[in-house]
Amino acid sequence: MITLKTERELKLMQEAGRIVALALDAVAKAITPGITTAELDAIAEKTIVDCGARPSFKGYNGFPANICTSVNEEVVHGIPGLKRLRDGDIISVDIGAEINGYHGDAARTLPVGNVSPLAERLIATTEAALAEGIAAFKSGGRLTDISYAVQSYVEAAGFSVVRDLVGHGIGRKMHEAPQVPNFGRPGRGTRLTPGLVLAIEPMVNIGTYNIDFMPDQWTVVTADGSLSAHAEHTVALLEDGPLILTKI
Ligand code: MG
């Protein structure tokens, strides 16, 4: 069931989103060659807890960490650990926080030291595809207008969008209806209505869009080992257009 949020609920979600953005910023500032992903996890946890919130991912379906850290060919859901980042890596950091019963969810992909021009272009394309998806989140439109905007931007840049994983509605639960695919023909699905809140999250690969799961059952990787990037915002639809909630 799709729940539309009231103005009061949107205010609460804005607070959750602000905390997610603060945690993402703190992690982004700490990223440097030699740091472990477990250290990044601890930085995010401290930021979230200091704000009086709770990391949404911790324990979600048994997820063992506070945030997801996905390096290079890892697409999403990487588990922080003792892996040290190296110069030239790219890392997707995905963070969720809950406060006053509402969740925020956002992700960024960041370079570690100096990365290749191709990796830079992958990250920039993924961010721009997210912006295209958000711009298509308009009153009177349909859900797959967002999907189409993301896919067409990514494929025009020569990359592929992951098809087996989707964005989602968000609110009292981290994952609510509807699912938000990153590909497909426009003009289909749920009508876009003020009060709808979506986590829009393109996952973009340099090579094939096919993915595999690692033996830990969480980490998603590209099937061909090519680099992958991920960007996400929690976005509310207001009367006059989309409002990004995962902002400071
Ligand atoms: Mg999400």
Side-chain angles (χ1 to χ4, degrees), residues 2-3 5 13-24 27-28 40-41 44 48 53-70 74-80 91-99 101-110 123 126-127 129-134 136-137 143 146-147 149-151 154 161-183 189-190 196-205 211 213 218-221 228-237 242-247:
I2 294 171
T3 60
K5 276 71 180 181
M13 293 196 72
Q14 204 158 21
E15 176 60 7
R18 191 184 69 87
I19 294 166
V20 169
L22 283 171
L24 268 174
V27 169
L40 300 178
D41 186 80
I48 291 167
R54 181 185 77 79
S56 304
F57 300 174
K58 186 77 184 267
Y60 183 85
N61 291 334
F63 188 75
N66 297 288
I67 65 173
C68 299
T69 53
S70 309
E74 296 173 356
V75 179
V76 288
H77 304 164
I79 302 170
I91 177 172
S92 142
V93 179
D94 193 346
I95 300 183
E98 180 198 356
I99 188 164
Y102 290 87
H103 294 269
D105 186 6
R108 283 165 69 184
T109 298
L110 296 147
I123 292 172
T126 306
E127 283 174 2
L130 172 58
E132 293 288 323
I134 292 170
F137 188 15
L143 186 77
I146 298 169
S147 318
V150 168
Q151 181 186 17
V154 168
V161 280
V162 171
R163 302 187 175 202
D164 295 340
L165 301 166
V166 293
H168 49 96
I170 179 168
R172 284 197 169 275
K173 288 196 268 181
M174 187 167 62
H175 293 132
E176 297 185 353
Q179 296 195 340
V180 186
N182 291 302
F183 71 102
T190 302
L196 187 59
V197 183
L198 300 176
I200 302 173
E201 51 177 319
M203 289 149 265
V204 179
N205 300 348
I211 56 168
F213 284 84
W218 280 107
T219 311
V220 175
V221 295
S228 182
H230 177 212
E232 176 178 22
H233 271 306
T234 297
V235 188
L237 186 54
L243 175 70
I244 295 174
L245 299 180
T246 35
K247 265 196 168 167

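Counting starts at 1 for both ligands and their atoms, in listed order.
- Of the listed residues (K173, E98, H103), just one forms a side-chain hydrogen bond (donor to acceptor under 3.5 Å, both in side chains) with S56, and that residue is H103.
- The Mg ion (ligand 1) has no N, O or S atom of D94 inside 2.8 Å of it.
- The shortest distance between side-chain heavy atoms of I134 and L130 falls below 4.5 Å.
- Taking the Mg ion (ligand 1) as reference, the nearest N/O/S atom within E232 carries the name OE2.
- Of all non-hydrogen atoms in A44 and I95, the two that sit nearest each other are CB-CD1, 4.0 Å.
- Among the atoms of H168, an N, O or S atom falls under 2.8 Å from the Mg ion (ligand 1).
- Angle subtended at the Mg ion (ligand 1) by E201 OE2 and D105 OD2: 170°, rounded to 10 degrees.
- Minimum heavy-atom separation, L24 to A106: CD1-CB, 3.8 Å.
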